[in-house]
Amino acid sequence: MKLIHLSDLHLGKRVNEFSMLEDQKHILTQILQIIEQERPDGVLIAGDVYDKSVPSAEAVALLDDFLVCLAKGGNQVFLIGGNHDSPERLAFGGRLMERSGVHLAPVYDGGVAPFRLTDRHGPVEIYLLPFLKPVHVRRFFPEAEIASYSDALRTAIGAMQVDESVRNVLVTHQFVTGAARCDSEDLSVGGTDNVDVSVFDPFDYVALGHIHGPQQAGRETVRYCGTPLKYSFSEAGHRKSVTVVELEEKGSVQVRAVPLKPLRDMVELRGTYEELTCRSFYAGTTYQEDYVHITLTDEEDVPDAMSRLRTIYHNLMKLDYDNKRTRAGGIVDGGMDVEQKTPLTLLEEFYELQNGQPMGEAQGSFARELMTKIWKGEA
């Protein structure tokens, strides 16, 4: 059984006010070519299909074209919503699309029925579990103790009654503890959205979405495929790809990556204005059309540097300086990793930074009560 694993298309996304639609159309065409070459039994799309819960008309049209092409190619498609998607909007028309082989995860209602594919080794059950918060799961399991994201996922998966004697695949969109993040992802204060990888033990392969860098999470068969495009300069060193999963007999899973080539790369350049405008530096490169972040090391600011540099680097997104002046400005040190701090600790630190004095007892009490209500879904 061969499966293609995709996620985090973020259709309609803008990066530093640059629309990525042309780049997304290019990369989706490339993905369709890979799918045609690989001839998979199924295509898994693990959430954040759109960048916004109310996507633009252009983004909707782009997804429509992509799904139509997949369906015309005879592909079975399995798609869930992520934290950027509206579950209701994404699920619209799902029962009609079933006839074309496009299977959309419905809005979570406490139960998840698997889709079954079959090969010479027997059945493969595919479960579609969209992005969930604890409050979504508590609604259907009021008697369960759900104090964390791990509790929520463990409860939701337990209710599936997965038959572990056959091969099982889960498509979901969550942050697994220990996965490496980058700047283009949503960061939960204090790491409260962490899910322990052990909740996925019933599955032979877990197709994850949410994290933008391709990586395994805990074990080789629990994987993020990453975004097909770079969406922040923290991803400049990433090698984007499509993940191909091959399941043989129970217990045998092979994973490989097929590289993707973007229309424009995302690169970071550093040097003096004179160095970066010297033709010998950029000649023969793609820098002139790539998305670029430039850090100038000149001690004096260059007048109108952004517009002057854009005559060479046409898609210059970001410009900053690294020199004695900027280094003297100081950097606020948050101490230990932000994900290791509680939400209240982070709020107290922010309050003191903004107001020059610590938060009072009454303010702290109010903040704790409000956070509790938000966590329980009462606010």
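Keep in mind it's a predicted model, so treat the numbers as computed, not measured. Computed over heavy atoms, backbone and side chain alike; hydrogens, waters and symmetry mates excluded.
Put simply, the side chain of S252 never gets that close to the backbone of E248: no donor and acceptor are under 3.5 Å apart. T227 contributes a side-chain N or O that, together with a main-chain N or O of L229, makes up a donor-acceptor pair within less than 3.5 Å. D290 places no side-chain N or O within donor-acceptor distance of the main-chain N or O of V292, the cut-off being under 3.5 Å. Checking side-chain atoms of Q215 against main-chain N and O of A180 turns up a donor-acceptor pair under 3.5 Å. Not a single donor-acceptor pair under 3.5 Å links the side chain of R368 to the backbone N or O of Q363. The closest donor-acceptor contact from the side chain of Q24 to the backbone of G12 lies under 3.5 Å. Proximity of a side-chain donor or acceptor of D298 to a complementary backbone N or O of E300 within less than 3.5 Å is not detected. For Q30 (side chain) and L28 (main-chain N/O), no donor-acceptor pair under 3.5 Å exists by modelled atom type. Counting only distance, with no hydrogens or angles, the side chain of R138 and the backbone of I146 share a donor-acceptor pair below 3.5 Å. Not one N or O on the side chain of E98 forms a donor-acceptor pair closer than 3.5 Å with the backbone of R95.
Grouping Ile, Leu, Val, Met, Phe, Trp and Tyr residues whose side-chain heavy atoms lie under 4.5 Å apart, directly or via other members, leaves L96 alone, with no other cluster members.
With a 4.5 Å cut-off on side-chain heavy atoms, V49 and F66 do not count as touching. Counting heavy atoms from C-beta on, the side chains of M317 and M266 come closer than 4.5 Å. The closest side-chain heavy-atom distance from L263 to I27 is not below 4.5 Å. At a threshold of 4.5 Å between non-hydrogen side-chain atoms, the residues L347 and M371 count as touching. Annotation: side chain of F92 is not in contact with side chain of L104 (no heavy-atom distance under 4.5 Å). Side-chain contact between L44 and L6 is absent, with no heavy-atom pair separated by less than 4.5 Å. Using a 4.5 Å heavy-atom threshold, the side chains of L79 and V102 count as separate. In this structure, the side chains of I35 and P40 come closer than 4.5 Å at one or more pairs of heavy atoms.
Ring-centre distance between H10 and Y50: not below the 6.0 Å cut-off. The aromatic ring centroids of Y127 and F203 lie less than 6.0 Å from each other.
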- [ ] Starting from the C-alpha separation in whole Å, work towards a yes-or-no answer on salt bridge (charged side-chain N to carboxylate O under 4.0 Å, His left out) for E145 and R154.
- [x] CA-CA 11 Å; E145 287 192 20; R154 190 172 284 110; over 6 Å; no
TODO: Output, in order, the C-alpha distance, side-chain angles, deciding distance and verdict of salt bridge (charged side-chain N to carboxylate O under 4.0 Å, His left out) for R223 and E220.
DONE: CA-CA 7 Å; R223 294 193 66 82; E220 177 68 19; 3.3 Å; yes
TODO: Go through Y224 and Q216 one step at a time and tell me if the side chain to side chain contact (heavy atoms under 4.5 Å, CB included) criterion holds.
DONE: CA-CA 6 Å; Y224 291 101; Q216 70 181 61; over 6 Å; no
Task: Full working for ring pair (Phe, Tyr, Trp, His ring centres under 6.0 Å) between Y313 and Y287 - done: CA-CA 6 Å; Y313 304 99; Y287 296 158; 7.0 Å; no
Open item on the list: Test salt bridge (charged side-chain N to carboxylate O under 4.0 Å, His left out) on R325 and D301; report intermediate values, then the result.
Closed with: CA-CA 10 Å; R325 174 179 55 80; D301 287 1; 2.7 Å; yes
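Minimum interatomic distance between G82 and F131 (heavy atoms only, all atoms of both residues): C-CB, 3.7 Å. Residue V107 comes nearest to A91 through the heavy atom pair N-CB, 4.3 Å, listed as atom of the first residue, atom of the second, then distance. Between A305 and L319, the closest heavy-atom pair is CB-CD2, 3.7 Å. For S150 against D196, the heavy-atom pair with the smallest separation is OG-N, 2.8 Å. A pairwise comparison of heavy atoms in I211 and A179 identifies CG1-CB, 4.1 Å as the closest pair. In terms of heavy-atom proximity, P123 sits nearest to R116 at CB-NE, 3.6 Å.
Atom NZ of residue K25 and atom CG of residue D65 lie 7.0 Å apart, to the nearest 0.5 angstrom. Between the NE2 atom in H238 and the OH atom in Y231 there is a gap of 13.5 Å [rounded to 0.5 Å]. Atom CG of residue L128 and atom OH of residue Y108 lie 13.0 Å apart, to the nearest 0.5 angstrom. Within the model, atoms CG of D8 and SG of C225 stand 7.0 Å from one another, a figure rounded to the nearest 0.5 Å. K133 NZ to H136 NE2: the interatomic distance, rounded to the nearest 0.5 Å, is 6.0 Å. Rounding to the nearest 0.5 Å places NE2 of H84 at 10.0 Å from OG of S53.
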Distance-only donor-acceptor hits, side chain of residues 69-77, under 3.5 Å, sequence neighbours excluded:
{"unit_1": "N75", "atom_1": "ND2", "unit_2": "L70", "atom_2": "O", "d": "3.0"}
{"unit_1": "Q76", "atom_1": "OE1", "unit_2": "H103", "atom_2": "NE2", "d": "2.7"}

Using atom types as modelled, flag every donor-acceptor pair under 3.5 Å from a side chain in residues 170-178 to any protein atom, sequence neighbours excluded.
{"unit_1": "T172", "atom_1": "OG1", "unit_2": "L129", "atom_2": "O", "d": "3.0"}
{"unit_1": "H173", "atom_1": "ND1", "unit_2": "A46", "atom_2": "O", "d": "2.9"}
{"unit_1": "H173", "atom_1": "NE2", "unit_2": "D48", "atom_2": "OD2", "d": "3.3"}
{"unit_1": "H173", "atom_1": "NE2", "unit_2": "N83", "atom_2": "OD1", "d": "2.8"}
{"unit_1": "H173", "atom_1": "NE2", "unit_2": "H210", "atom_2": "ND1", "d": "3.3"}
{"unit_1": "Q174", "atom_1": "OE1", "unit_2": "L132", "atom_2": "N", "d": "2.9"}
{"unit_1": "T177", "atom_1": "OG1", "unit_2": "V195", "atom_2": "O", "d": "3.4"}

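No more than 12 heavy atoms of other residues, nucleotides or ligands lie within 6.0 Å of CZ in F366, so this atom counts as exposed by the packing criterion. Around the CZ atom of R14, the shell of radius 6.0 Å holds more than 12 heavy atoms that belong to other residues, nucleotides or ligands. More than 12 heavy-atom neighbours from other residues, nucleotides or ligands sit within 6.0 angstrom of CZ on R219. Within 6.0 Å of the CD atom in E36, the count of heavy atoms belonging to other residues, nucleotides or ligands does not exceed 12.
With sequence neighbours excluded, the residues that form a side chain to side chain contact (heavy atoms under 4.5 Å, CB included) with R308 are Y273, V302, P303, D304. Looking at residues two or more places apart in sequence or on another chain, you find no salt bridge (charged side-chain N to carboxylate O under 4.0 Å, His left out) involving E88.
For the salt bridge (charged side-chain N to carboxylate O under 4.0 Å, His left out) condition, the pairs that include at least one residue of residues 249-274, sequence neighbours left out, are E22-R264, D23-R264, E38-R256, D204-K250, K230-D265, E246-R256, R270-D322.
Clustering ILVMFWY residues whenever any of their side-chain heavy atoms sit less than 4.5 angstrom apart, transitively, puts I157 in the very cluster that holds L208. Hydrophobic clustering (ILVMFWY, side-chain heavy atoms < 4.5 Å, transitive): I4 and L32 are in one cluster. Neither V245 nor V242 shares a network with the other; the hydrophobic side chains, linked directly or stepwise wherever heavy atoms of I, L, V, M, F, W or Y lie under 4.5 Å apart, form separate groups for each. By the rule that hydrophobic residues join a cluster once side-chain heavy atoms approach within less than 4.5 Å of another member, I34 and L63 end up as members of one cluster. Using a 4.5 Å cut-off between side-chain heavy atoms of Ile, Leu, Val, Met, Phe, Trp and Tyr, with links allowed through other members, V166 and V124 fall into different hydrophobic clusters.
With 3.5 Å as the limit, one finds no donor-acceptor pair spanning the side chains of E369 and T372.
A salt bridge is absent between D119 and K2: the closest approach of a Lys/Arg side-chain nitrogen to an acidic carboxylate oxygen does not fall below 4.0 angstrom.
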